[in-house]
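What follows is a set of notes on a single structure, which appears directly below.
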Amino acid sequence: MIQVLVADDEAMVRAGVRAILATDSGVEVVAEAADGHQAVELVRAHRPHVALLDIRMPGLDGLAAADEIAAVAPATSVIVLTTFGQEDYIARALGGGAAGFLLKASDPRELITAVHAVADGAAFLSPAIAHRVIRTYRGFGVSAAQARLRVETLTDRERDVLALLGAGHSNAEIARTLYIVEGTVKAHVSSILDKLGARNRVQAAVVAHEAGLT
């Protein structure tokens, strides 16, 4: 059962998100928050697998809350769920470690897909903003030559994992493809992020692309 926290300052939006997630028997909303401070405290208390955060909330906004959640509950994956798809929001969200970015105007099925994806260790980006994300994150200051140099620091197995990660595969899919256990994949991903100087899987995927692995 994937446990989810929903944070949005509009009660009607929270109710709508809860209703959508309730259609999936494998997902349970364990807490709701009306602002960023409350979201952080509820994540600290419940340790959900996924936190769905609106950006514009009173007190502490969703982007700042995502940063705090990464510090106090690193095992909780954050999805930013927002009306606003500006590139600076995308950059701040993913740069702060969010695993997903989803627009409220998206198909409701994308919400369920996103929750399952990030809970499984993958990243999820709304197709409506995918091109803007790539443009914002392309290389994150890393040229193709620099990306190749960084990839050279990886072991052969880590390069295999990075190539599949860059192609959008989840940890479970990578494990099945490489005939290894999922825990080993997670360990490889952690080592890859450290060696590449990447803060999240999105940045690692961009390095894979720039280095020609995907």
Side-chain angles (χ1 to χ4, degrees), residues 1-22 24 27-108 110-130 132-133 136-137 140 190 193 198-204:
M1 182 70 73
I2 300 172
Q3 297 182 330
V4 180
L5 170 137
V6 179
D8 195 292
D9 60 332
E10 296 185 30
M12 188 174 294
V13 172
R14 295 198 305 272
V17 170
R18 179 185 281 273
I20 292 170
L21 295 179
D24 189 315
V27 178
E28 176 188 14
V29 176
V30 295
E32 293 184 19
D35 59 59
H37 288 296
Q38 189 179 19
V40 173
E41 290 308 310
L42 289 172
V43 165
R44 194 194 303 269
H46 293 275
R47 304 287 171 165
H49 300 101
V50 180
L52 285 167
L53 307 178
D54 185 24
I55 289 181
R56 295 186 178 178
M57 293 188 289
L60 188 72
D61 68 26
L63 298 178
D67 289 339
E68 292 199 19
I69 288 170
V72 303
T76 296
S77 298
V78 171
I79 298 175
V80 172
L81 179 62
T82 181
T83 305
F84 311 98
Q86 291 95 320
E87 290 185 9
D88 58 333
Y89 284 158
I90 297 167
R92 281 188 59 198
L94 300 183
F101 198 103
L102 191 65
L103 295 179
K104 290 180 180 177
S106 301
D107 187 310
E110 288 182 17
L111 177 59
I112 294 174
T113 300
V115 167
H116 278 275
V118 303
D120 192 34
F124 187 91
L125 306 174
S126 172
I129 61 169
R132 275 179 281 169
V133 171
T136 299
Y137 268 77
F140 60 97
S190 178
L193 295 181
R199 295 188 63 179
N200 52 51
R201 294 170 71 101
V202 176
Q203 290 187 344

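Numbers here simply count residues along the sequence, with the first being 1. None of these values were measured; they are calculated from a predicted model.
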Just verifying a value: how many Å separate [X] [atom1] and [Y] [atom2], rounded to the nearest 0.5 Å?
X: Asp54; Y: Leu63; atom1: CG; atom2: CG; answer: 9.5 Å
X: His116; Y: Ile2; atom1: NE2; atom2: CD1; answer: 4.5 Å
X: Ile79; Y: Ser126; atom1: CD1; atom2: OG; answer: 11.5 Å
X: Asp61; Y: Ile55; atom1: CG; atom2: CD1; answer: 8.0 Å
X: Gln38; Y: Asp9; atom1: CD; atom2: CG; answer: 11.5 Å
X: Arg44; Y: Leu5; atom1: CZ; atom2: CG; answer: 13.0 Å

What is the minimum heavy-atom distance between [X] and [Y], and which atoms define it?
X: Leu102; Y: Glu110; value: CD1-OE1, 3.6 Å
X: His46; Y: Val30; value: CE1-O, 3.9 Å
X: Lys104; Y: Thr83; value: CD-OG1, 3.4 Å
X: Ala117; Y: Ala123; value: CB-O, 4.4 Å
X: Ala51; Y: Val43; value: CB-CG2, 4.2 Å
X: Val80; Y: Ala98; value: CG2-CB, 4.2 Å

Is [X] reaching over with its side chain to a backbone N or O of [Y], donor-acceptor style, under 3.5 angstrom?
X: Ser77; Y: Ala119; answer: no
X: Arg47; Y: Ala75; answer: no
X: Asp35; Y: His37; answer: yes

Hey, does Leu52 have a side-chain heavy atom less than 4.5 Å from the side chain of Leu111?
->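 Yes, at least one pair of side-chain atoms sits under 4.5 Å.
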Does a side-chain heavy-atom distance below 4.5 Å link Val17 with Asp8?
->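 They are not in side-chain contact.
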Steps toward side-chain contact (heavy atoms from CB on, under 4.5 Å) verdict (Asp24, Val115) = CA-CA 11 Å; Asp24 189 315; Val115 167; over 6 Å; no
Check against side-chain contact (heavy atoms from CB on, under 4.5 Å), Leu53 and Ile69 | CA-CA 11 Å; Leu53 307 178; Ile69 288 170; 3.9 Å; yes
Derivation and outcome, side-chain contact (heavy atoms from CB on, under 4.5 Å), residues Thr113 and Phe124 | CA-CA 8 Å; Thr113 300; Phe124 187 91; 3.7 Å; yes
Give a yes or no on this: more than 12 heavy atoms of other residues, nucleotides or ligands lie within 6.0 Å of atom CE of Met12.
->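 Counting other residues, nucleotides and ligands, CE of Met12 stays at 12 neighbours or fewer.
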Could you check Glu32 against Arg18 for side-chain contact (heavy atoms from CB on, under 4.5 Å), going step by step and ending with a plain yes or no?
-> CA-CA 9 Å; Glu32 293 184 19; Arg18 179 185 281 273; 2.6 Å; yes
